Structures are given as structure tokens and as C-alpha cells.
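What you see is a predicted model; the values in this text were computed from it and never measured. Here is the naming used below: chain letters follow the sequence lines, and residue numbers restart at 1 for every chain. Below, each value reflects all heavy atoms present in this structure, side chains not excepted, and no hydrogens, waters or symmetry copies.
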Amino acid sequence: MNLIKELNWRGMLQDIMPGTEDQLNKEMTTAYVGFDPTADSLHIGSLVPILLLVHLQKAGHKPIALVGGATGMVGDPSGKSEERNMLSEEELNKNIIGVRSQLEKFLNFDASLPNAAELTNNYDWFKGISFLDFIRDAGKHITVNYMMAKDSVKKRLEGDSGMSFTEFTYQLVQGYDFYWLYKNKNCKLQMGGSDQWGNIVTGTELIRRKTGGEAFAFTCPLIKKADGGKFGKTEKGNIWLDANKTTPYQFYQFWLNASDSDAATWIKIFTFLQETEINSLIANHDANPADRILQKKLAEELTRFVHGDAELEKAKETTEKLFSNAKASVDSLSVEDLESIEGIVKTNYSADKINAGVDILSFLAENSIFESKGAARKMLQNGGVSINREKITDLQMMVEKNNLLHNKFILIQVGKKNNFLITVA
RNA sequence: GGGCAGUUACCAGAGUGGCCAAAUGGGGCGGACUGUAAAUCCGCUGUCUUUCGACUUCGGUGGUUCGAAUCCACCACUGCCCA
């Protein structure tokens with residue numbers, strides 16, 4: 001199956017420029033995706049563009065991952081209703097390093113391959129270009145009328161927050177990237193999220209006008225939740241690919257919590273499973289949705305892809321301990337079980353205080369489970385806190401020695417899904 | 001440089017002298033129901049606090065007043081229009 005057909009059945013194609021498929025069938029094609037260094041780690045929103053590159057490489061083409069050191073300084077207005085904050089240079093550099101190291105895990109950079117992946121940073125070429133050079137070499141070829149017709153620009157002009165010249169220029173800067181890669185690396189294809197379509201087309205246009213050459217593009221749909229909510233956000237913020245920011249257990253849980261309809265869409269997009277296997281998984285899932293076959297498979301495949309087998313196993317173990325017997329008494333958890341739980345928030349607490357007895361509110365606040373006693377009280381009153389799997393409603397409760405599991409642990413749940421393990425020593 | 005409009009909590013957006021910690025909607029969190037789902041219903045959503053209460057908020061600073069998100073002055077920022 002060729003790349004385009006593959007991406008198409010997976011639901012990963014949104015717009016495609018005519019001739020792209022022919023180009024890919026004709027020869028090994030170099031293609032790129034740009035990543036914004038807005039943080040020092042990528043989050044799962046970047047996973048789809050990464051997967052585009054992986055699929056591309058699997059199909060025998062050459063992927064380039066571009067880290068936007070220069071474009072990050074400008075700020076992409078696409079999808080933003082307001083001017084973005086600018087990042088300082090140190091921040092940007094730190095972020096670029098973080099993002100690079102993550103991309104390296106997903107693509108094959110083995111230089112002996114004809115289609116070895118490459119990493120570039122557009123700051124490398126932009127730093128040598130003066131403003132005057134740029135407006136003569138790039139700006140001359142694109143009319144303002146053309147740039148204003150772009151959706152990302154139009155929306156901002158119609159809105160009431162305006163748009164700075166800097167942001168307006170963004171599409172031209174990104175367009176120049178494509179031109180530069182086309183000229184210097186024979187890169188003929190750009191991919192990205194569908195919000196990038198306008199920027200990408202500016203690039204192909206610039207290439208056509210400056211060189212007379214032809215360049216191609218396609219985009220993938222932006223991932224949304226079926227209920228319209230933002231993808232990849234939880235109460236704790238983004239789901240990051242960095243295990244230090246989002247533990248593999250939390251990562252696994254995120255996918256496990258997908259709704260049925262999302263799971264069916266996402267499993268095609270985020271895993272490399274074949275069509276027949278996916279169809280049978282969906283059929284099995286529909287037969288008995290409560291088993292959440294799709295969610296489990298999705299979570300498993302992705303956690304392995306991002307964090308590896310060992311971390312996946314630990315994430316599954318922790319999930320097993322915390323959820324599979326959620327209604328059983330805590331006694332079913334052995335010392336070993338508790339000691340080996342990974343990925344949830346753990347804190348230590350002084351044994352002396354427990355021996356003396358602590359009131360529940362202070363206890364919860366002192367362990368940073370809540371920011372203050374007031375917050376803890378509200379949650380308690382709402383029935384949202386369990387200690388050792390027993391719902392606590394008594395605000396006066398004292399936490400004492402007999403609350404310890406195996407003489408050293410206290411398991412706290414806030415809501416159904418937030419677990420905290422406190423070790424008392 | 002000139003004219004006009006605006007700046008309220010996470011977002012949108014009411015409030016034009018006391019009953020305002022500030023309507024309403026969205027979002028978020030928690031609960032019930034479930035399948036760690038969806039939909040629905042209920043509660044919470046400025047901070048701290050032994051539910052009393054205290055403190056800090058309506059762009060900023062100063063003023064009028066017993067009392068200001070609300071009135072006045074100046075400043076800052078944003079948008080639109082004119083030059």
C-alpha cells in the first residue's frame with residue numbers, strides 16, 4: 001500500500017495538493033514537518049506530525065524534522081486568537097535541545113540509510129539573512145493581498161485583538177523554510193496539521209515563483225475529542241512525551257480513558273496496527289464495550305511507542321493495582337504491591353506526627369494533596385476524598401497509627417483517578 | 001498627531017454609587033448513574049480560615065464620598081476610523 005492510501009484509510013489526510021501521490025510513487029521523496037519549540041518537551045499534540053514522518057520513512061522516503069528556532073521567535077498566528085508571547089533566546093535554545101532529543105527516538109537517523117532521517121533548525125539559515133535580504137528575496141514574490149487572504153490572517157483581522165506585523169510575517173518565514181529546504185536538500189514535500197495548510201501553501205507558492213519548481217504538500221486533520229473538548233489536555237495540563245513531566249503511568253491512563261468513539265478513531269491514527277486487525281478489534285469492542293478492548297490496545301501500543309516495553313509493563317501493573325480491584329478492600333494490596341507502585345504522586349510523612357494524630361485537613365494540606373486546608377475541606381464536603389479506599393466525610397477525622405497500611409502506607413484518592421501514596425517513616 | 005470605542009474572575013460577558021466576591025454561559029474539578037466511557041442530573045469554582053469571619057480583586061495611580069467595579073482626573077494598553 002502506498003503512503004497516501006495508507007494515511008487515507010487511517011483518517012490522517014485532510015488536504016492534499018494535486019500531484020503529491022504521483023511524486024511519492026515516482027521516487028524517494030524528501031519531506032519535512034516543522035515543530036514549534038514552545039516548550040522543552042513535545043506533547044501528544046505533536047504525535048500526529050511525528051507519525052506522519054514515521055509513516056513516510058517506512059514507505060521509503062526521507063523525513064526531515066525541522067525545529068523552528070527562528071519561527072519560534074516569531075510565533076505562528078494559526079489557530080491563535082491573540083498575539084503570542086515571545087520566548088527568550090535561552091528558553092528557546094533549551095527547548096530546541098529537548099525537542100530534538102525526543103524526535104531522535106522516533107525516527108531512524110542511521111546515516112548509512114539512503115532515507116536516513118535528518119534534523120534541522122531553521123535558525124541555522126535565518127541567522128545569516130538580513131531583514132533587507134529577506135524582504136527582497138522572499139517578500140518580493142508574495143503579495144500582501146495573497147497573505148491577507150489566508151484564514152489565519154483573516155480571522156485575526158476580523159477579530160478585535162489585531163495582529164502584529166511580526167505575526168503577519170510568519171507565513172512568509174515558514175514559506176521560506178520550505179524554499180530553503182527545497183533548494184538545499186531537495187525537499188519537495190511538506191506535511192503538517194491542517195492548521196498549517198495556509199503557511200505550507202505560501203511555501204509551495206514561493207518555490208514556484210522563485211525557482212519555477214514544483215513542490216507538494218498534504219496535511220492531517222487536527223485531533224479533537226468527540227465531545228468537542230480539547231485533545232491532550234487534562235486537569236494537570238498537557239500530556240507530555242517526557243516521562244519526567246508526564247509519567248508513563250499517567251500517559252497510559254490518558255489513552256485508557258478515551259471515549260469509545262475517540263478510541264475507534266485514534267487507534268487508526270496513533271498505532272501502526274493493520275487494517276484487518278483494527279477492524280476486528282473494533283468489532284470485538286462493539287460486542288462488549290465494557291471491556292474497553294480498544295482503549296487498552298491503544299494505551300498499550302502508544303505507551304510502548306513512546307516509553308518502551310519496560311515502562312509499559314510498570315504502567316500496566318500500577319493500573320492493575322489501583323483499578324482492577326478498586327472496590328475490594330485495601331487489604332488486597334500487599335506491601336510489595338504498594339512499594340512497587342510507580343507513576344503516581346508519592347510523598348513521605350513523619351511517623352511522629354501520625355503517632356500523635358493529625359487532623360485530616362492538615363494532613364491533606366501538608367502532603368500537598370491540596371493547596372490549603374480550605375481546598376481540602378471543600379473536596380471532603382463534596383465527597384471526593386478516600387483514604388485507604390474508604391470515603392471520608394468526617395471533617396474532624398484524625399489520621400492515626402491505625403490508619404496505616406502495613407504500618408507504613410496511606411493510600412489517598414481524590415476523585416476516582418487521582419491516587420497518592422504516602423509513606424510514613 | 002486627531003476622533004471614537006473599549007479594558008471586569010480561566011474564557012466569553014452582565015453589572016453604571018450601598019442588597020457585589022461581582023449575574024449568566026462555557027470551561028475546569030468533585031459527586032450520582034456507569035464501563036476508570038458517553039449522555040444526563042447535582043455540588044464546588046478569588047485567597048486564607050475549626051462552615052463565624054478575615055483579607056485581596058473589576059487596566060494603573062490619585063481623588064470625591066460614610067461607602068466606588070460603578071462618579072472625577074491623569075496615565076497605560078487595545079481596537080476601529082481619519083491624517
Earlier contact from the 5' end, RNA chain B, for A:S372 and A:N257: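 By nearest-heavy-atom nucleotide position, the 5'-most residue is A:N257.
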Pairwise 5' ranking along RNA chain B for A:S259 and A:K416, keeping only the more 5' one: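 The residue whose closest nucleotide sits nearer the 5' end is A:K416.
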Quickly work out the [X] [atom1] to [N] [atom2] distance and round it to whole Å.
{"X": "A:N284", "N": "B:G35", "atom1": "CG", "atom2": "C1'", "result": "17 Å"}
{"X": "A:I369", "N": "B:C29", "atom1": "CD1", "atom2": "P", "result": "18 Å"}
{"X": "A:F323", "N": "B:G35", "atom1": "CZ", "atom2": "P", "result": "15 Å"}
{"X": "A:F370", "N": "B:U45", "atom1": "CZ", "atom2": "P", "result": "15 Å"}
{"X": "A:Q396", "N": "B:U51", "atom1": "CD", "atom2": "C1'", "result": "10 Å"}
{"X": "A:D260", "N": "B:G35", "atom1": "CG", "atom2": "C1'", "result": "8 Å"}
{"X": "A:K373", "N": "B:C48", "atom1": "NZ", "atom2": "C1'", "result": "11 Å"}
{"X": "A:L256", "N": "B:U36", "atom1": "CG", "atom2": "C1'", "result": "7 Å"}

Can you tell me, in whole Å, how much space there is between the [atom1] of [N] and that of [M]?
{"N": "B:U47", "M": "B:C10", "atom1": "C1'", "result": "16 Å"}
{"N": "B:A21", "M": "B:C58", "atom1": "C1'", "result": "11 Å"}
{"N": "B:U70", "M": "B:A22", "atom1": "C1'", "result": "12 Å"}
{"N": "B:C20", "M": "B:G3", "atom1": "P", "result": "39 Å"}
{"N": "B:U50", "M": "B:A54", "atom1": "C1'", "result": "14 Å"}
{"N": "B:C44", "M": "B:U34", "atom1": "C1'", "result": "22 Å"}
{"N": "B:G63", "M": "B:A9", "atom1": "C1'", "result": "27 Å"}
{"N": "B:G46", "M": "B:A38", "atom1": "P", "result": "25 Å"}

Excluding sequence neighbours, so at least two apart, what forms side-chain hydrogen bond (donor to acceptor under 3.5 Å, both in side chains) with [X]?
{"X": "A:E339", "result": "A:K408"}
{"X": "A:Q253", "result": "A:T319"}
{"X": "A:S101", "result": "none"}
{"X": "A:Q396", "result": "none"}

Salt bridge (charged side-chain N to carboxylate O under 4.0 Å, His left out) contacts in which one or both residues fall within residues 243-265 of chain A, not counting sequence neighbours: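 Non-adjacent pairs meeting salt bridge (charged side-chain N to carboxylate O under 4.0 Å, His left out): A:D40-A:K245.
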Working for side chain to side chain contact (heavy atoms under 4.5 Å, CB included), residues A:I422 and A:F363: CA-CA 10 Å; A:I422 295 164; A:F363 180 74; 3.7 Å; yes
Verdict with supporting geometry, A:K314 and A:E311, salt bridge (charged side-chain N to carboxylate O under 4.0 Å, His left out): CA-CA 5 Å; A:K314 290 186 207 161; A:E311 293 299 330; 3.5 Å; yes
Test: A:K210 cationic atom under 6.0 Å from A:Y179 six-membered ring centre, within 45° of axis: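 Yes, cation above the ring, under 6.0 Å and within 45°.
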Neighbours of RNA chain B within [range], by heavy-atom distance under 4.0 Å:
{"range": "residues 374-386 of chain A", "answer": "A:G374, A:R377, A:K378, A:M379, A:N382, A:G383, A:G384"}
{"range": "residues 289-305 of chain A", "answer": "A:P289, A:A290, A:R292, A:Q295"}
{"range": "residues 356-367 of chain A", "answer": "none"}

Geometric class of the A:F165/A:F168 ring pair [parallel <30°, tilted 30-60°, perpendicular >60°]: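 The rings of A:F168 and A:F165 sit tilted, inter-plane angle from 30° to 60°.
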Tell me the partner of [N], counting only Watson-Crick (N1-N3 plus N6-O4 or O6-N4) or G-U wobble (N1-O2 and O6-N3) with both under 3.5 Å; none if nothing fits.
{"N": "B:G18", "value": "B:C66"}
{"N": "B:C33", "value": "none"}
{"N": "B:C4", "value": "B:G79"}
{"N": "B:G25", "value": "B:C11"}

Below 4.0 angstrom from OP1 or OP2 of [N], is there any side-chain N or O of [X]?
{"X": "A:N418", "N": "B:G30", "value": "yes"}
{"X": "A:K417", "N": "B:G35", "value": "no"}
{"X": "A:T319", "N": "B:U36", "value": "no"}

Output field: ring centroids A:Y252/A:H307 closer than 6.0 Å: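 Between A:Y252 and A:H307, the centre distance exceeds or equals 6.0 Å.
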Close aromatic pair by centroid cut-off 6.0 Å: A:W240 and A:F251: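 For A:W240 and A:F251, the ring centres are not under 6.0 Å apart.
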Sugar-phosphate only, base, or nothing, as touched by A:S261 at under 4.0 Å among non-hydrogen atoms: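 It contacts nothing in the nucleic acid.
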What N/O pairs connect the protein and nucleotides 78-83 of chain B at under 3.5 Å? Give each pair on its own line.
from  : atom 1 : to     : atom 2 : distance (Å)
B:G79 : OP1    : A:S161 : O      : 3.4

Exercise: identify the closest heavy-atom pair between A:T318 and A:E342: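 So the minimum-distance heavy-atom pair works out to OG1-O, 3.1 Å.
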Any residue meeting salt bridge (Lys or Arg N to Asp or Glu O under 4.0 Å) with A:D309, in chain and number order, not counting sequence neighbours: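 Partners of A:D309 under the salt bridge (Lys or Arg N to Asp or Glu O under 4.0 Å) test: A:R304.
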Partner set under salt bridge (Lys or Arg N to Asp or Glu O under 4.0 Å) for A:E320, not counting sequence neighbours: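 Applying salt bridge (Lys or Arg N to Asp or Glu O under 4.0 Å) to A:E320 gives none.
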Residues that A:Y32 engages under ring pair (Phe, Tyr, Trp, His ring centres under 6.0 Å), provided they are two or more places apart: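 Ring pair (Phe, Tyr, Trp, His ring centres under 6.0 Å) list for A:Y32, sorted by chain: A:F178.
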Spatial distance of atom CZ (A:F305) from atom CG (A:L47) [nearest 0.5 Å]: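 So the CZ of A:F305 and the CG of A:L47 are separated by 6.5 Å.
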